[in-house]
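Read through the structure below, which is laid out as structure tokens, and then see the notes.
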Amino acid sequence: MAHHNWPGRFTLLLASILLLLVSQPMFSGHAFAQNLATVTMSLVLLAALYAFRSTRIYFVIALALLVPSIGCRFALLFTASPTLEILSAIASCMFLAVTVIALVSRLFIVRSVTLDTISAGICAYLLTAIAFAYGFAVVELQSPGAFSAALFQKPVGHIAPLIASLHSFIYYSFVCLTTTGFGDISPVSEGARSLSVMEAVFGQLYMAILIARLVSLEVAQSMMKERE
């Protein structure tokens with residue numbers, strides 16, 4: 001990898017995202033699920049902030065969103081408050097959206113493909129799904145019954161409903177992003193339908209434009225090496 005990418009900041013971000021995606025469904029319903037969800041999500045947010053620490057504009061905006069996001073999540077460890085859940089979901093959604101914009105902007109200006117560049121492309125795709133998952137959670141919190149299925153599971157003990165059910169929203173979000181359409185969950189309210197359409201369109205454009213750009217850069221690199 002290039003020296004400026006060391007120690008693989010986007011690879012580190014990718015690892016934290018995969019940890020979140022794997023741990024959420026595996027430990028849902030357990031007594032320590034809320035603590036684990038808070039820790040893994042905080043790792044993702046901190047890894048994203050670390051990845052773009054050298055970009056001043058992003059760092060300032062992201063830090064302003066990171067504080068309420070993590071603060072509300074840790075507050076939910078001690079009290080279950082619908083207001084805190086909405087604030088946490090909105091802050092997390094906005095933070096991840098800013099991160100996706102920063103990642104996509106970087107992918108448009110890179111001139112060579114490295115391991116970290118590929119990791120950045122994967123991170124942007126996965127973070128998009130997680131950002132929309134929080135968006136769907138906000139819609140459901142404000143308008144219960146916005147989806148055909150009950151995405152909020154019955155909380156166990158003192159686990160906050162949003163944290164306990166985050167994996168359900170992430171699942172539905174990936175179904176929309178990949179346009180899989182299993183049909184077990186469908187949007188009912190106008191807000192849920194609009195977000196679902198936006199995510200599906202973004203997912204298709206992302207694969208068609210950004211991934212194609214990375215492939216073309218790799219082909220151009222290979223051709224230049226062959227000429228040398």
Side-chain angles (χ1 to χ4, degrees), residues 17 20-21 24-25 27-29 33-34 36-38 40-42 44-45 61-62 64-101 125-206:
I17 297 172
L20 171 68
L21 296 179
Q24 283 292 311
F27 298 98
S28 62
Q34 183 174 9
L36 181 63
T38 300
T40 52
M41 192 61 212
S42 298
V44 171
L45 300 179
I61 297 175
L65 295 171
L66 180 68
V67 173
S69 176
I70 294 183
C72 290
R73 292 191 69 86
F74 277 98
L76 288 172
L77 294 174
F78 306 99
T79 178
S81 170
T83 302
L84 281 178
E85 287 191 310
I86 292 177
L87 290 176
S88 176
I90 292 176
S92 298
C93 180
M94 293 179 65
F95 178 92
L96 294 173
V98 170
T99 303
V100 169
I101 292 173
Y125 190 74
L126 298 180
L127 287 179
T128 297
I130 301 175
F132 271 99
Y134 278 109
F136 293 132
V138 172
V139 171
E140 181 65 19
L141 284 168
Q142 293 184 332
S143 303
F147 298 90
S148 60
L151 296 183
F152 277 116
Q153 297 181 353
K154 185 177 180 181
V156 179
H158 297 289
I159 301 177
L162 175 59
I163 297 179
S165 309
L166 182 59
H167 65 281
S168 298
F169 289 100
I170 292 177
Y171 161 75
Y172 174 72
S173 184
F174 272 104
V175 169
C176 288
L177 186 66
T178 58
T179 62
T180 305
F182 290 123
D184 53 342
I185 304 172
S186 59
V188 176
S189 71
E190 291 300 324
R193 289 175 177 176
S194 297
L195 277 181
S196 300
V197 170
M198 288 172 59
E199 184 173 17
V201 171
F202 181 89
Q204 295 304 301
L205 292 178
Y206 186 92

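The residues of the chain are indexed from 1 along the displayed sequence.
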Check: Are V98 and L65 side-chain neighbours, meaning at least one heavy-atom pair lies under 4.5 Å?
Finding: yes
Note to self: Do S189 and V139 have side chains that approach each other closer than 4.5 Å (heavy atoms only, starting at C-beta)?
What the structure shows: yes
Check: To the nearest 0.5 Å, what is the distance between CZ (F174) and CG (L126)?
Finding: 5.0 Å
Check: Looking at the rings of F136 and F147, which for Trp means the six-membered one, are their centres under 6.0 Å apart?
Finding: yes
Check: Looking only at side chains, do S196 and Y172 share a donor and an acceptor under 3.5 Å apart?
Finding: yes
Notebook entry, point to check: If you measure from CD1 on I170 to CG on L20, what distance do you get to the nearest 0.5 Å?
Noted result: 5.0 Å
Checklist line | Rounded distance [0.5 Å steps], CE in M94 versus OG1 in T99 | finding: 11.5 Å
Next item on the list: Taking all heavy atoms of A133 and all of S173, pick out the closest pair and write down the distance.
Entry: N-OG, 3.6 Å
Next item on the list: Measure from the side-chain N and O atoms of S148 to the backbone N and O of S186, and report whether any donor-acceptor pair falls under 3.5 Å.
Entry: yes
Next item on the list: Could you tell me whether the side chain of S143 and the main chain of A146 form a donor-acceptor pair under 3.5 Å?
Entry: no
Check: Do F132 and L96 have side chains that get closer than 4.5 Å, going by heavy atoms?
Finding: no
Next item on the list: Without swapping roles, check the side chain of E140 against the backbone of G145 for a donor-acceptor pair under 3.5 Å.
Entry: yes
Next item on the list: Apply side chain to side chain contact (heavy atoms under 4.5 Å, CB included) to I185 and Y171, showing your working.
Entry: CA-CA 10 Å; I185 304 172; Y171 161 75; 3.8 Å; yes
Notebook entry, point to check: Which atom names give the shortest non-hydrogen contact between A129 and E199, and what distance separates them?
Noted result: CA-OE2, 3.6 Å
Next item on the list: Taking all non-hydrogen atoms of both residues into account, name the closest pair between M41 and I130 and its distance.
Entry: CE-CG2, 4.3 Å
Check: If you round to the nearest 0.5 Å, how far is SG of C176 from CE of M198?
Finding: 12.0 Å
Next item on the list: Mind listing the closest non-hydrogen atom pair of A149 and D184 along with its distance?
Entry: CB-O, 4.0 Å
Notebook entry, point to check: If you look at every heavy atom in G203 and Y125, which pair is closest and at what distance?
Noted result: O-CE1, 4.4 Å
Notebook entry, point to check: Got a second to check how far I70's CD1 is from F95's CZ, nearest 0.5 Å?
Noted result: 7.5 Å
Checklist line | Distance-minimising heavy-atom pair for S92 and S69 | finding: OG-OG, 2.7 Å
Next item on the list: Output the distance between atom CD1 (I17) and atom OG1 (T40), rounded to the nearest 0.5 Å.
Entry: 11.5 Å
